[in-house]
Amino acid sequence: MAKKILSKSKKTRYIFVIGGVMSSVGKGVTTSSIGRILISKGYKVAIVKCEMYINIDAGTIRPTEHGEVFVGVDGIEADQDLGNYERFTGNLSKSENYITQGQIYLEVIRRERNLEYGGEDVEVIPDIPNEIIRRLRIVERKQNPDFIIVEIGGTVGEYQDLLFLEAARMLHLRNPELVQFVLVSYLPIPKTVGEMKTKPTQYAARTLNSAGIEPDFIVCRSEFPLDKKRKDKLSLLCNLEPQDIISAPDANSIYEVPLILEKDDFGNKILKKFGLNRELLDLKEWRKIVAKIKNSKKPLNIALVGKYFSTGDYTLSDSYISVVESIKHASWQNHRYPRLHWINSEDFERNPRSITRLAKMDGILVPGGFGKRGIEGIIMAIRYARENQIPYFGLCYGMQLAIIEFARNVCKIKDANSTEINRDTKYPVIDVMKEQKKNLEEKNFGATMRLGNYPAKIKKGTLAYASYASTGPVMERHRHRYEVNNGFRSELEKNGMVFSGIYTKKDLVEIAELNKKIHPWFLGTQFHPEFNSRPGDPQPLFDGFVKACIKRVSKS
Ligand code: GLN
């Protein structure tokens with residue numbers, strides 16, 4: 001994409017995206033969609049997530065609590081929203097794209113201890129917002145974008161949001177022509193009333209006003225499009241032009257959202273307010289992706305076996321959002337519609353005979369995870385996939401457990417295990433790395449795993465090689481403490497396991513698969529391939545897995 005327009009004027013423009021009324025209404029998708037639209041108009045965009053919590057990163061938060069931990073290429077453990085940013089913009093996430101309140105306070109206090117404030121009082125205002133602004137300037141310097149879109153976590157009115165809003169207000173005060181605000185709000189349609197209500201959005205806009213911020217746009221999320229009457233009403237009461245009220249009704253797929261926002265010509269309206277020229281939009285490729293999604297009607301049944309799947313009565317697909325999106329991308333690309341079956345592995349432990357429900361599946365996937373709970377049930381599922389020739393894809397823990405299963409049931413190393421599960425196992429086929437042992441002993445858990453990008457050398461003639469054939473050097477993201485124990489490699493290989501991807505610098509296993517003569521498609525990765533999948537450009541191994549699932553369907 002041409003990066004033509006703003007290179008003349010070096011100034012970076014800011015778009016702050018702020019939530020109103022309630023969470024989970026698609027603020028992250030709106031942010032990502034604005035990014036896609038501006039990129040499609042030829043601009044360079046960076047997206048930053050500002051997170052309210054005091055955690056330094058998302059690495060120490062339970063996935064059932066806050067969704068998936070998304071890993072940036074440099075190893076930052078971040079909020080799942082960064083995954084959407086990547087999937088919509090193609091930009092790779094780095095540490096500077098993720099700011100938490102904890103990082104901000106830590107840095108201010110570090111500087112205070114170093115006497116860097118020259119004996120002055122260090123105060124919440126302005127020192128905390130100033131540090132937030134300094135962090136945004138780092139994104140300007142390092143990524144040199146035309147626009148920085150900043151998503152502020154949480155909802156306006158939350159006490160914890162205030163300092164980020166304050167930073168946004170201060171930035172606007174210094175350069176009003178370079179800063180815009182988008183309020184993403186929700187308009188409920190109460191069943192008993194049957195009418196779309198604007199009042200909560202009015203309150204949200206007022207609350208934003210009380211933080212010294214006037215929204216330039218309100219993106220109205222609702223079940224249906226907004227009618228003229230409501231646009232006029234919000235315009236009058238929230239103090240903006242009717243055309244700046246953007247309608248964002250529910251979409252079948254999140255990937256339709258850029259097209260929906262463009263129905264209201266959102267991109268050009270943003271450009272106009274910045275004093276920039278209208279630009280023709282090239283969402284041609286994007287439209288093709290959406291058309292593919294709509295045309296994918298044949299189902300593919302894929303079982304996801306693991307834990308972290310439920311909270312109360314609800315399935316928490318958010319804990320594995322990148323895995324789910326990767327399966328979708330690969331399925332759509334192959335004209336299939338994925339039907340996901342979330343299976344709690346503890347069900348198999350309680351009722352071993354229920355394992356046969358896997359027979360109906362076209363493929364089985366075990367995603368990443370930690371700890372002991374539900375492990376034996378997962379191993380039962382992997383065994384079933386192996387013995388019944390069902391395509392199997394294991395991600396990180398899913399690969400480690402596949403190796404344990406193979407060692408126990410094929411190589412007859414009966415008590416084979418990971419030291420994560422049994423510290424005293426005699427046969428640690430998966431073991432903690434030396435440098436990690438120290439971290440565990442010292443309870444030094446934050447940001448100490450093997451994290452971020454590492455290269456893998458792929459062995460010719462393997463499933464992995466067939467999948468990666470048309471890509472360049474293989475570079476994938478990691479987040480784990482344990483590794484395949486090289487002491488057992490030759491025994492595993494003798495029995496038909498192939499180590500098809502290696503991080504050669506340290507001789508670590510990156511990909512393990514079964515010889516094609518034994519099984520049609522059985523492969524696990526030590527890394528997390530799900531972070532590198534895009535709509536219209538699926539991650540190669542997911543594509544390989546889905547193709548194998550399709551082959552199984554056509555055979556059965
Ligand atoms: N618990 C395993 C490890 O730390 C796997 C981690 C994961 O699946 N991300 O090595």
Side-chain angles (χ1 to χ4, degrees), residues 57-73 75-78 80 83 304-309 318-324 326 345 364-379 381-382 392-405 407 416-423 425 428-441 443-454 456 476-486 488 501 503 506 508-512 523-532 539 541-542:
D57 55 43
T60 52
I61 310 177
R62 229 190 353 260
T64 43
E65 190 66 36
H66 201 75
E68 166 188 274
V69 176
F70 188 84
V71 183
V73 286
I76 180 75
E77 297 171 277
Q80 57 168 325
L304 282 115
V305 184
K307 52 181 180 176
Y308 302 132
F309 286 172
D318 262 12
S319 313
Y320 289 109
I321 180 169
S322 292
V323 176
V324 171
S326 302
S345 58
I364 297 172
L365 185 147
V366 173
F370 294 85
K372 288 185 194 155
R373 187 163 60 81
I375 289 311
E376 291 305 321
I378 297 180
I379 292 178
I382 297 173
Y392 174 77
F393 196 10
L395 313 179
C396 205
Y397 217 9
M399 179 203 84
Q400 297 177 354
L401 297 173
I403 286 176
I404 295 172
E405 190 280 320
N417 219 332
S418 161
T419 46
E420 179 174 6
I421 302 163
N422 174 6
R423 259 202 354 209
T425 177
V429 288
I430 307 295
D431 199 7
V432 71
M433 289 176 282
K434 247 200 220 116
E435 55 264 42
Q436 290 293 348
K437 255 186 201 148
K438 204 161 160 263
N439 287 328
L440 288 176
E441 274 158 21
K443 292 197 182 309
N444 188 10
F445 296 125
T448 56
M449 286 187 248
R450 174 143 90 105
L451 289 167
N453 262 356
Y454 287 87
E476 299 278 3
R477 289 175 234 189
H478 295 65
R479 182 172 185 258
H480 58 100
R481 246 180 248 290
Y482 296 80
E483 305 278 349
V484 174
N485 183 339
N486 285 345
F488 290 90
Y503 172 43
K506 290 201 166 174
L508 295 174
V509 169
E510 292 284 4
I511 308 176
L523 182 146
T525 58
Q526 185 55 82
F527 49 80
H528 288 276
E530 68 267 28
F531 297 140
N532 278 330
Q539 198 280 344
L541 296 174
F542 274 91

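Model, not experiment: these values are computed from the prediction. Both ligands and their constituent atoms are indexed starting at 1 by order of listing.
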Report summary line: Numbered in order shown, the ligand 1 atoms found under 4.0 Å of a heavy atom of H480 are 3 (C), 4 (O), 6 (C), 10 (O)
Query raised in the report: Where on R481 is there a heavy atom closer than 4.0 Å to ligand 1, on the side chain, on the backbone, on both, or on neither?
Result: both
Query - Charged N-O contact under 4.0 Å between R450 and E510 - result: yes
Query raised in the report: So is H528 in contact with ligand 1, going by heavy-atom distances below 4.0 Å?
Result: yes
**Report entry** Salt-bridge present (R481, E420; N to O < 4.0 Å)
**Finding:** no
Query raised in the report: Among L401, I382, V366, which one satisfies side chain to side chain contact (heavy atoms under 4.5 Å, CB included) with V305?
Result: V366
Query raised in the report: For G369 and ligand 1, does the shortest N/O to N/O distance drop below 3.5 Å?
Result: yes
Query raised in the report: With distance as the sole test, does R479 use its side chain to make a donor-acceptor pair with the main-chain N or O of F527 at under 3.5 Å?
Result: no
Query raised in the report: What's the shortest distance from atom 7 (C) of ligand 1 to any protein heavy atom, and which residue and atom give it?
Result: C396 SG, 3.1 Å
Query raised in the report: Which residues satisfy the ring-ring contact (aromatic ring centres under 6.0 Å, His included) test with F531, sequence neighbours excluded?
Result: F70, H528
Query raised in the report: Would the F393 and F542 ring centres measure less than 6.0 Å apart?
Result: yes
Query raised in the report: What are the atoms of ligand 1, with element, lying closer than 4.0 Å to any heavy atom of G368?
Result: 8 (O)
Report summary line: Closest to atom 10 (O) of ligand 1 among protein heavy atoms sits Y482 N, 2.9 Å
Query raised in the report: Based purely on interatomic distance, does E420 place a nitrogen or oxygen under 3.5 Å from a nitrogen or oxygen of ligand 1?
Result: yes
Query raised in the report: Does one side chain, of H480 or Q526, offer a donor that lies under 3.5 Å from an acceptor on the other?
Result: yes
Query raised in the report: Would you say Q400 contacts ligand 1, with heavy atoms under 4.0 Å as the rule?
Result: yes
